[in-house]
Amino acid sequence: DLVDRRLMTEAEVKALVDQRRGFEYRLQRRAARKVDFVRYIEFELKADELRKLRKKRLGLKKRTVSDFAHVQTVFFILERAVRKFQGDTNMWLQFVDFAVAQRAEKRLSTLFARALQMHPRCAAIWIRAASWQYFELGNASTARVLMQRSLRLNPSDKLLWLEYFRLELHYVAKVMARRSALGLQAAEPEAAEKGGTGKEAAKGQGGAGEEDSASAFARGAVPLVVFRNAISGKLGLDLGFRVDFLRLCDEFQGADEVTAAVLESIARDFKKDPKSYTLVAKFCLHASQAEDAAQGGRAGGGAKGAKRRKLAGGGASAQDDDSADGLSVGERRGVCVLEEGLANLPDDPEMWQAYAKFLRDCRKARSDGASCQGAMSGRLDALYRRAAAKGAGALAVGMCLDWARLPSDGSAGEAAAESRLRLGLAVHPHSPELWATLLGLKRFQACVAPCALGTQEATRRPVAALMEAEEALLNEAIAAVGKGVSGLRGDVVSKLAQPLVEKLSLEALEAGEGTTKKFKAAEKLMLRLLGLCVGRGAPTALCCQYLTLAHSTQGLRGVARARHHVLATYPGGDPKLAPFLVHLADLATQAATQAAGEASDGMDLARAALEAALGMARPDAKQEVLEAYADLERRMGFADRAEKIRWKSASADHSTNN
């Protein structure tokens with residue numbers, strides 16, 4: 001048929017038959033492989049795709065045996081594959097997908113039955129079967145039966161519960177859309193509460209029951225039954241499981257009642273979990289915004305608005321006035337929820353952080369002027385102060401840093417930030433992060449204040465006194481951090497001293513004739529800090545800063561001086577000094593090339609530094625040092641030395657891998 005319709009030549013048909021014969025031989029192996037079945041299927045699908053393209057090009061309309069041959073061959077291959085690999089769920093799902101794509105309804109009916117009989121614990125097959133019944137055949141009752149049967153066999157499968165919940169939500173949305181198109185909207189809750197008059201009142205008890213049933217269905221009574229059954233067991237202890245239900249509710253319009261019920265269950269059952277209060281607060285905010293958009297800025301109207309206000313713990317009259325305290329309706333409801341969380345979890349830092357994050361997000365989302373943002377900043381500041389009064393159980397270090405970054409009114413922003421950092425340090429006196437932030441702030445104030453005063457006033461300021469104050473603050477920080485649980489470490493000292501060291505280094509570079517004096521002042525401070533770190537890990541960053549300053553001010557002589565002082569401070573060596581020595585070798589070669597007659601001394605100093613680095617570096621870092629060593633020799637024109645070092649590097653790498 002392919003040749004008669006000029007879809008393939010005789011040679012192509014012969015090649016097709018040869019390929020099939022080869023695949024069939026492979027399938028007859030004693031130990032069959034799944035990959036052979038997969039490749040056979042791919043070959044048949046590609047051959048069928050080629051046939052379709054040629055048929056379209058020739059303009060053939062009539063359907064003949066060749067239009068079905070490839071599809072039937074694939075079905076035959078898949079049938080043998082699932083018999084051979086009955087325990088492979090992926091093979092069954094591939095069979096199902098192909099049958100759905102071909103709309104083979106009769107075959108699918110038996111295929112799903114066989115697959116579920118073989119794999120009753122596979123949620124994907126149950127979901128695929130219910131989806132086919134609901135979306136392809138339009139049979140909601142059979143889809144519901146399949147999902148209920150799957151849950152009887154797998155009551156602890158979260159995915160099945162979620163998909164059953166999605167199915168019921170979709171069915172409610174579908175029915176309500178149909179009723180809307182026919183003009184048969186369900187009665188609104190307000191109308192149901194008021195009751196009817198005239199003919200409506202004469203319908204009797206049966207008619208009222210039908211209306212109540214239709215209204216309950218429209219509000220999502222069936223999905224709520226699924227949700228309550230899902231959380232009735234051990235799965236109900238998982239907050240993330242309930243959050244998944246909320247995400248499903250967001251996919252459907254008109255699921256406000258279901259969403260509110262899910263949030264009520266979260267607020268009721270997770271009173272000791274800060275995340276539950278955050279979820280409810282965000283819902284209150286978003287629900288209020290949606291009401292404002294839908295009702296033209298009129299918030300909290302009707303029964304739904306009353307239900308949301310009840311959920312948020314707010315009233316319905318005075319609290320809906322946006323001008324009372326600078327908060328919108330949704331923000332006020334969220335604040336009420338989070339205040340309840342603080343009342344239940346007063347010493348939980350995560351609860352305080354969640355509250356602060358909610359207020360920060362509200363402040364960031366505001367676009368109604370600086371005054372309203374200032375009101376939100378004031379509320380945030382008050383919250384941070386309440387947390388500071390509670391102590392370390394409420395005010396975490398991260399909250400202190402956020403508090404310090406909070407904008408302040410007027411020109412006293414730096415003073416307010418310093419005051420907040422001091423309050424944070426009263427709670428966390430051993431925090432390196434807070435001390436480093438305070439030191440950086442003081443350095444910023446010392447740099448900005450002279451510029452604000454003007455040139456003449458700046459010359460009269462006691463610069464030495466400012467430097468002494470900064471150094472005293474650094475000493476205070478080092479002493480406080482050293483009393484902490486983790487103690488004083490080299491990297492912490494580098495972080496604390498960075499602002500002051502950078503200032504001293506900059507002054508030494510800009511001093512002109514007084515460079516040597518400024519350099520010695522900076523060197524004195526750095527060496528004292530290095531001495532504090534003996535036995536606590538060498539501060540690599542501080543050592544490299546010292547080295548860079550010595551090279552910039554005194555050239556090769558300064559590099560040698562820095563090497564001498566650092567190695568004298570750590571006579572036993574330290575693995576953390578290896579990067580410092582590699583940096584030293586690089587600066588030594590630079591200084592040697594820039595100064596005439598010092599090339600030999602510079603290379604000797606660089607090689608000595610790299611040899612010392614090889615002796616100090618950890619085994620996993622020696623390879624990097626050797627590569628830097630070889631690169632240095634190559635750049636300086638010593639190709640033979642570079643080749644020997646590269647061979648040594650390759651040998652070391654081979655021994656490490658073995």
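Just the heavy atoms: all of them, side chains too, but no hydrogens, waters or symmetry mates, feed the values below.
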* Minimal non-hydrogen separation, Asn344 against Lys271, with atom names -> CB-O, 4.1 Å
* Roughly how far, to the nearest 0.5 Å, is CD1 of Ile41 from CE of Met91? -> 6.0 Å
* To do: Could you check whether the rings of Phe85 and Phe37 sit parallel, tilted or perpendicular, using 30° and 60° as the cut-offs?
  => perpendicular
* Asked: Looking at CG of Leu246 and CZ of Phe283, how far apart are the two atoms once the value is rounded to the nearest 0.5 Å?
  -> 8.5 Å
* **Test side-chain contact (heavy atoms from CB on, under 4.5 Å) applied to Asp157 - qualifying residues, sequence neighbours left out** => Ala123, Asn154, Leu159, Leu160
* To do: Apply side-chain contact (heavy atoms from CB on, under 4.5 Å) to Ala354 and list each qualifying residue two or more places apart in sequence or on a separate chain.
  => Thr278
* Answer yes or no: is there a side-chain heavy-atom contact under 4.5 Å between Glu136 and Glu105? => no
* Is the charged tip of Arg179 near the ring of Phe217: under 6.0 Å from the six-membered ring centre and within 45° of its axis? -> no
* Would you call Phe98 and Leu45 a side-chain contact if the rule is heavy atoms closer than 4.5 Å? -> yes
* Any side-chain heavy atom of Cys122 sitting closer than 4.5 Å to one from Trp92? -> no
* Mind listing the closest non-hydrogen atom pair of His119 and Thr89 along with its distance? => ND1-CG2, 3.5 Å
* **Contact check, side chains of Phe270 and Lys275, non-hydrogen atoms, under 4.5 Å** => no
* Would you indicate whether the side-chain heavy atoms of Leu342 and Met351 approach each other to under 4.5 Å? => yes
* Could you tell me which non-hydrogen atom of Ala143 sits nearest to which non-hydrogen atom of Ala130, and how far apart they are? => CB-O, 3.4 Å
* To do: State whether the number of non-hydrogen atoms from other residues, nucleotides or ligands found under 6.0 Å of Arg268 atom CZ is greater than 12.
  => yes
* **Over all atoms of both residues, closest heavy-atom pair of Phe358 and Lys282** => CE1-N, 4.3 Å
* To do: Decide yes or no on salt bridge (charged side-chain N to carboxylate O under 4.0 Å, His left out) for Lys272 and Asp348, but give the supporting numbers first.
  => CA-CA 9 Å; Lys272 299 299 181 182; Asp348 191 335; over 6 Å; no
* Structure fact -> Here the gap from Leu146 atom CG to Ile127 atom CD1, rounded to the nearest 0.5 Å, amounts to 11.5 Å
* **For Asp36 against Phe23, the heavy-atom pair lying closest together** => O-CD2, 4.3 Å
* Structure fact -> On a heavy-atom basis, the closest approach of Cys249 and Ala255 is O-CB, 3.9 Å
* **side-chain contact (heavy atoms from CB on, under 4.5 Å) involving Ser131 - partner list, sequence neighbours excluded** => Phe135
* Using a strict 4.0 Å threshold on nitrogen-to-oxygen distance, state whether Arg83 and Glu79 make a salt bridge. => yes
* Taking the inter-plane angle between the rings of Phe75 and Phe95 on a 0 to 90° scale, is it parallel (under 30°), tilted (30 to 60°) or perpendicular (over 60°)? -> tilted
* Asked: Under the 6.0 Å and 45° cation-pi test, does Arg26 pair with Tyr40?
  -> no
* Asked: Do Asp402 and Lys357 come within less than 4.5 Å of each other through their side chains, counting heavy atoms only?
  -> no
* Residues in side-chain hydrogen bond (donor to acceptor under 3.5 Å, both in side chains) contact with Glu251, at least two apart in sequence or another chain -> Arg166
* Asked: Is there side-chain contact between Pro349 and Met399, with at least one heavy-atom pair below 4.5 Å?
  -> no
* Asked: Between Asp244 and Arg247, is there a salt bridge with N-O shorter than 4.0 Å?
  -> yes
* Those residues that, when tested against Gln133, pass side-chain hydrogen bond (donor to acceptor under 3.5 Å, both in side chains) (two or more places apart) -> none
* **Nearest-0.5 Å distance that lies between atom CG in Leu239 and atom CG in Leu279** => 6.0 Å
* **CG on Asn229 to CH2 on Trp161, rounded to 0.5 Å** => 5.0 Å
* What residues form a side-chain contact (heavy atoms from CB on, under 4.5 Å) with Lys52, not counting sequence neighbours? -> Asp48, Glu49
* Is a side-chain N or O of Trp352 found less than 3.5 angstrom from the main chain of Pro346, in a donor-acceptor match? -> yes
* Decide yes or no on side-chain contact (heavy atoms from CB on, under 4.5 Å) for Ile125 and Val96, but give the supporting numbers first. => CA-CA 9 Å; Ile125 299 178; Val96 168; 5.7 Å; no
* **Criterion salt bridge (charged side-chain N to carboxylate O under 4.0 Å, His left out) on Arg54 and Glu12, from CA distance to verdict** => CA-CA 13 Å; Arg54 291 182 176 179; Glu12 289 175 332; 2.8 Å; yes
* Asked: More than 12 non-hydrogen atoms from neighbouring residues, nucleotides or ligands closer than 6.0 Å to CZ on Arg29, yes or no?
  -> yes
* Kindly compute the distance separating CZ (Arg107) from CG (Leu78), expressed to the nearest 0.5 Å. => 9.0 Å
* Asked: If we only count heavy atoms from C-beta on, is the Pro223 to Tyr171 side-chain gap below 4.5 Å?
  -> no
* Glu339 pairs by salt bridge (Lys or Arg N to Asp or Glu O under 4.0 Å) with which of Arg333, Arg332, Arg386? -> Arg386
* Short question: side chain of Ser180, backbone of Ala177 - any donor-acceptor pair under 3.5 Å? -> no
